[in-house]
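Data first, discussion second: the structure below is written as structure tokens.
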Amino acid sequence: MANSDKIKIEAVVKNCGVLLEGPHWHAASQTLYFVDILGNTVHRYRPADSCHEKVNVGENAGTIVTTTSGKLLLAARLRFAYLDWSTGALTTVANVDADKPENRFNDGKCDAKGRLWAGTMGPEDKPVEVRRRQGSLYCLHTDKSVTKHAEDLDISNGIAWSLDNKIMYYVDTLTRLIEAFDYDLETGKTSNRRPAVKVAAEEGWPDGMCIDEQGMLWLACFSKAQIIRYDPTTGKKLQTIMFPTTNITSCCFGGPNLDELYVTCTRVGLSDEVVKKEQPLAGSVFRVTGLGVRGFAGADFAD
Ligand SMILES: O=C(O)[C@H](O)[C@@H](O)[C@H](O)[C@H](O)CO
Ligand SMILES: [Zn+2]
């Protein structure tokens, strides 16, 4: 299937990592932050002058967010930690999953009150062949306390909030669902977990996601080279964008008008042969323009 003529896809940072994830648009500096989970690196890319820089943090980097005090906060291997960009040094804020030393943090995002939500997963030999039911979903509150909101998860992944912040949408990849929780923005409490969107097997594995200003979800569909826009109130598929590589991991809105979609992907799961001959852009960051809809910048952690 071809994309509509209006849509343009460019690889803006080419072949910069292994398992790229967690794109986060920092509006104040007009900079895209993202992680390479298996490369143990945090990256930033400034479209205005195409400047791309990275720092090795010495352990898996699952999620990166900016903070209200101008710092960088990671959900790293098994801890929330501040990152010193100039050295790569991490300063622990809180540890998680002490009883599961082989786990690691995966995808995460801040809510509108500046709490950081992120989930963990067990060791994964190949994509989606993960040790089952090892993961949990955590919230790092602004006072740095941590609460657990779900457990026995397989691959904790995309998170997004409805426009009124009354619903938190959530992906645990192997469920093939986008689920919904009732969300209390004042306290960060979740309740009433239920399915919102069923992602058909032929669409791929649900991975990272973001929401647009119309309240529609943009879901990275791992293994099927696409991002699908869904209406979470009806569960209906609205639009598909196809990419020149198979394993799309996540997306976020960015750019001066917040009408560009930045998209991450991974080389993991593809042979060297396939990467070389068929998918030379695996492990790149893409920018999609011409969508005709705006989204939101990454929310800061409130510190
Ligand atoms: O990007 C992620 O969320 C995980 O870290 C990856 O391992 C894959 O995407 C997953 O296997 C498929 O969902
Ligand atoms: Zn993911």
Side-chain angles (χ1 to χ4, degrees), residues 16-24 33-43 57 59-65 74-78 96-97 100 102-109 116-138 150 153-160 169-179 197-211 217-228 243 245-252 261-270 279 282-286 298:
C16 60
V18 181
L19 174 51
L20 306 180
E21 254 279 10
H24 168 96
Y33 284 86
F34 56 99
V35 294
D36 178 356
I37 300 178
L38 298 182
N40 295 358
T41 47
V42 176
H43 297 238
V57 302
E59 62 184 85
N60 299 132
T63 298
I64 175 82
V65 293
L74 274 183
R77 174 80 197 281
L78 281 176
V96 301
D97 285 1
K100 298 197 177 90
E102 291 177 83
N103 275 15
R104 67 162 170 85
F105 262 122
N106 200 41
D107 207 347
K109 195 172 281 172
L116 176 55
W117 286 75
T120 58
M121 61 189 276
E124 189 184 42
D125 293 336
K126 288 192 211 147
V128 304
E129 288 182 21
V130 67
R131 191 178 304 162
R132 303 289 308 261
R133 301 161 69 90
Q134 300 300 300
S136 295
L137 175 62
Y138 294 101
L153 305 170
D154 292 317
I155 302 176
S156 189
N157 243 319
I159 302 175
Y169 296 108
Y170 175 68
V171 170
D172 177 5
T173 295
L174 299 196
T175 62
R176 293 192 188 277
L177 294 171
I178 300 172
E179 294 178 272
V197 176
K198 288 197 171 102
V199 181
E202 62 267 24
E203 309 287 21
W205 295 101
D207 204 316
M209 66 180 166
C210 64
I211 198 157
L217 294 172
W218 296 81
L219 177 73
C221 295
F222 192 96
S223 78
K224 295 291 181 185
Q226 59 186 352
I227 286 186
I228 298 180
F243 292 85
T245 185
T246 312
N247 293 329
I248 304 299
T249 55
S250 192
C251 55
C252 77
L261 196 66
Y262 282 96
V263 176
T264 53
C265 66
T266 178
R267 279 200 264 135
V268 174
L270 302 174
Q279 301 190 22
S284 302
V285 176
F286 299 96

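First listed ligand is number 1; within each ligand, the first listed atom is number 1. Treat the numbers as computed from the prediction; the structure is a model and nothing was measured.
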> Among Lys224, Lys198, Gln226, whose side chain to side chain donor-acceptor pair (under 3.5 Å) with Glu203 holds?
Replying inline: Gln226
> With only distance considered, is Asn106 within less than 3.5 Å of ligand 1 through an N or O on each side?
Replying inline: yes
> Just which atoms of ligand 1 are under 4.0 Å from any heavy atom in Val128?
Replying inline: 11 (O), 12 (C)
> Short N/O distance, under 3.5 Å, between Asp207 and ligand 1?
Replying inline: yes
> Which ligand 1 atoms does Glu21 reach within 4.0 Å, using its non-hydrogen atoms?
Replying inline: 1 (O), 2 (C), 3 (O)
> Considering only heavy atoms of Leu19, which atoms of ligand 1 have at least one such atom less than 4.0 Å away?
Replying inline: 1 (O), 5 (O)
> Is the Tyr138 ring parallel, tilted or perpendicular to the Phe105 ring (thresholds 30°, 60°)?
Replying inline: perpendicular
> What are the protein N/O/S atoms, named by residue and atom, that sit under 2.8 Å from the Zn ion (ligand 2)?
Replying inline: Glu21 OE2, Asn157 OD1, Asp207 OD1
> Can you find a pair of side-chain heavy atoms, one from Thr245 and one from Leu270, that are under 4.5 Å apart?
Replying inline: yes
>> Between Thr246 (side chain only) and Ala225 (backbone N and O only), is there a donor and an acceptor less than 3.5 Å apart?
In response: no
> Taking only heavy atoms of Thr249, which atoms of ligand 1 are found under 4.0 Å from at least one of them?
Replying inline: 1 (O)
> Distance only, no hydrogens: is a donor on one side chain within 3.5 Å (strictly under) of an acceptor on the other, for Asn157 and Thr173?
Replying inline: yes
> For Asp107, is the nearest heavy atom under 4.0 Å from an atom of ligand 1?
Replying inline: no
> About how many Å separate CG of Asp36 and CG of Asn60, when rounded to the nearest 0.5 Å?
Replying inline: 9.5 Å
>> Quick one, Glu124 and Glu129 - any side-chain contact, counting heavy atoms below 4.5 Å?
In response: no
> If you look at every heavy atom in Ala61 and Leu74, which pair is closest and at what distance?
Replying inline: CB-CD2, 4.2 Å
>> Within the structure, is a non-hydrogen atom of Arg104 found at a distance of less than 4.0 Å from ligand 1?
In response: yes
> Going by the order shown, which atoms of ligand 1 are within less than 4.0 Å of some heavy atom of Ile37?
Replying inline: 5 (O)
> At a 4.0 Å threshold, what atoms of ligand 1 neighbour a non-hydrogen atom of Thr173?
Replying inline: 13 (O)
> What atoms of ligand 1 come closer than 4.0 angstrom to any heavy atom of Glu124?
Replying inline: 6 (C), 7 (O), 10 (C), 11 (O)
